[in-house]
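All chains are named by letter (A, B, ...) in the order of the sequence lines, taking the proteins before the strands, and each is independently numbered beginning at 1.
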Number of protein chains: 2
Amino acid sequence: MRMAKGVEWALHTLLNLDMTGGGPVGSGQLAEAHGLSPSYLNKQLQQLARARLVVSVPGPRGGFRLARPLEAITLLDVVEAIEGTAEVFHCTEIRCSGKIGELSPPPTGACAVNAAMRRAEQAYHQALAAQSLADIRAELDRSPAVRRIVRSALN
Amino acid sequence: MRMAKGVEWALHTLLNLDMTGGGPVGSGQLAEAHGLSPSYLNKQLQQLARARLVVSVPGPRGGFRLARPLEAITLLDVVEAIEGTAEVFHCTEIRCSGKIGELSPPPTGACAVNAAMRRAEQAYHQALAAQSLADIRAELDRSPAVRRIVRSALN
DNA sequence: GAGCGGCTACTCGGATAGCCTATGTCCGAGTCAAGACGG
DNA sequence: CCGTCTTGACTCGGACATAGGCTATCCGAGTAGCCGCTC
């Protein structure tokens with residue numbers, strides 16, 4: 001179980017988009033800022049656009065800009081935009097298969113194993129939703145040079 | 001990001017192992033109980049044995065038995081036994097690469113993005129560690145027929 | 001000089017290969033138990 | 001009748017194919033701005 005690295009790319013890129021100001025920035029520039037594959041970052045940005053986290057501007061001088069302030073973007077938004085909303089633990093209902101499944105009556109309630117795993121997953125989701133990108137930006141702003149460096153890198 | 005289905009197999013199998021009593025049960029029987037691939041379930045059981053959650057008994061009439069009561073086995077134990085202890089979010093330190101990396105001084109503290117993701121992951125771990133397999137067993141015991149069915153399926 | 005049309009270049013967007021891990025399978029080493037044999 | 005040895009079958013254990021999804025790439029559709037032309 002490993003999270004797609006596109007999540008890391010998306011998080012840093014969203015933070016960079018905020019520090020450059022409101023104007024759209026091309027995926028090529030954003031990729032160059034961190035030495036990433038431009039085409040693949042573009043794919044991730046499209047996922048963010050579908051999730052309405054960024055707005056894509058076509059044509060020359062186009063690119064991507066934030067759709068809303070960082071205060072309104074949580075870690076959960078980004079993870080779900082890239083990874084999708086499917087559950088991490090996917091119950092295949094093996095309790096209904098095999099000998100035990102044949103001997104058991106059709107189940108009435110939910111699978112207890114699945115319920116337990118969902119509780120943990122919910123805690124994960126809540127912890128992700130409790131942190132906004134603005135919180136991370138605040139931590140980055142402890143070294144005030146960051147904003148200047150990002151702007152000069154994305155001029 | 002999808003959890004390995006071996007975790008689901010392992011959880012149900014550990015619960016079944018408990019309901020049969022203390023004697024060792026072969027991986028073939030355990031697989032037949034839920035219609036699983038015997039060889040692949042055996043692989044998962046080996047992972048559980050390495051993590052000291054079950055004890056393997058070689059030879060005829062051998063198999064696997066629980067190494068400790070379900071009260072002492074948490075969901076986190078099972079997940080880490082199957083999935084490993086590597087972090088879900090793996091920071092590749094892209095902040096040190098590309099234009100921004102070249103313009104920035106060597107970082108002093110930890111990556112803020114990584115720290116935020118780790119906080120969420122820690123919440124997940126805590127939620128997993130807070131639930132033991134005995135809790136799930138208690139939920140299953142609400143329908144008292146389960147234990148009888150499991151025992152007759154694994155006779 | 002002002003307005004308009006065409007063109008170019010740059011951007012996003014989706015369709016297309018490659019690789020790596022999870023999945024699934026197979027066969028060999030080890031071990032216990034039963035059965036045959038000898039005392 | 002009892003003890004011991006041999007044999008057999010059954011189990012775990014790890015090494016070997018396979019597949020699905022993440023990773024990476026490329027090319028086409030669309031658009032804004034610029035340049036030249038015309039009035």
Side-chain angles (χ1 to χ4, degrees), chain A residues 1-10 13 17 23-32 34-67 79 81-84 86-90 92 94 154, chain B residues 1-10 13 17 23-32 34-67 79-90 92 94 154:
Chain A
M1 187 175 58
R2 200 178 118 204
M3 181 165 289
K5 76 171 65 170
V7 173
E8 183 187 10
W9 295 16
T13 299
L17 271 180
V25 184
S27 63
Q29 279 191 349
L30 290 167
E32 206 175 359
H34 283 304
L36 310 175
S37 160
S39 304
Y40 191 43
L41 179 63
N42 187 23
K43 188 198 250 322
Q44 311 301 337
L45 285 167
Q46 286 175 35
Q47 303 265 127
L48 296 180
R50 280 180 210 163
R52 313 279 185 177
L53 299 184
V54 299
V55 176
S56 69
V57 180
R61 306 282 295 172
F64 295 90
R65 61 181 173 80
L66 290 178
V79 170
I82 301 295
E83 295 273 356
E87 299 172 9
V88 172
F89 181 85
H90 183 62
T92 58
I94 63 175
L154 294 175
Chain B
M1 186 177 58
R2 200 178 119 204
M3 181 165 287
K5 75 173 62 170
V7 173
E8 182 187 10
W9 295 16
T13 299
L17 271 181
V25 184
S27 63
Q29 279 191 351
L30 291 168
E32 205 176 358
H34 284 303
L36 308 175
S37 161
S39 304
Y40 192 42
L41 178 63
N42 187 22
K43 188 199 259 308
Q44 311 301 336
L45 285 166
Q46 285 175 36
Q47 304 265 128
L48 296 179
R50 281 180 209 161
R52 313 279 185 176
L53 299 183
V54 299
V55 175
S56 69
V57 179
R61 305 282 294 173
F64 295 91
R65 62 180 173 80
L66 290 178
V79 170
E80 288 193 335
I82 302 295
E83 295 273 355
T85 58
E87 298 172 10
V88 172
F89 181 85
H90 184 63
T92 58
I94 62 175
L154 293 174

Does A:Ala51 have any side chain to side chain contact (heavy atoms under 4.5 Å, CB included) partners at least two apart in sequence or in another chain, and if so, which? A:Leu53, A:Ala81

Taking atom C1' of D:dC22 as reference, at what distance in whole Å does atom CD1 of A:Ile82 sit? 12 Å

For D:dG14, take OP1 and OP2 only and decide whether either is under 4.0 Å from a side-chain N or O of B:Arg50. yes

Of residues 34-49 of chain A, the positions that come close to DNA chain D - non-hydrogen atoms, cut-off under 4.0 Å: A:Ser37, A:Ser39, A:Tyr40, A:Lys43

Residues which pass side chain to side chain donor-acceptor pair (under 3.5 Å) with A:Thr92, listed by chain and number, not counting sequence neighbours: B:Glu8

Once you round it to whole Å, what is the distance between C1' of D:dT23 and NE2 of B:His90? 15 Å

For a quick check of understanding: with a heavy-atom distance under 4.0 Å over all strands, which category does A:Met3 fall into, base, sugar-phosphate or nothing? nothing

The side chain to side chain contact (heavy atoms under 4.5 Å, CB included) partners of A:Gln29 (sequence neighbours excluded) come to A:Val25, A:Leu154, A:Asn155

Listed partners of A:Arg50 passing side chain to side chain contact (heavy atoms under 4.5 Å, CB included), at least two apart: A:Gln46, A:Gln47

For A:Glu83, all residues meeting salt bridge (charged side-chain N to carboxylate O under 4.0 Å, His left out), sequence neighbours excluded: none

To the nearest Å, how far apart are A:Arg2 CZ and D:dG21 P? 17 Å

Output all residues satisfying side chain to side chain contact (heavy atoms under 4.5 Å, CB included) with B:Ala31, sequence neighbours left out; order by chain, then residue number. B:Leu36, B:Pro38, B:Leu41

Pairs meeting criterion ring-ring contact (aromatic ring centres under 6.0 Å, His included) with involvement of residues 35-63 of chain A, two or more places apart: A:Trp9-A:Tyr40

Start and end of the DNA chain C segment that chain A contacts, any atom under 4.0 Å from a heavy atom: C:dA9 to C:dA22

Atom pair OG (A:Ser27) and NZ (A:Lys43), whose distance is rounded to the nearest 0.5 Å: 13.0 Å

Rounded to whole Å, CD of A:Glu8 lies from P of D:dC22 at a distance of 17 Å

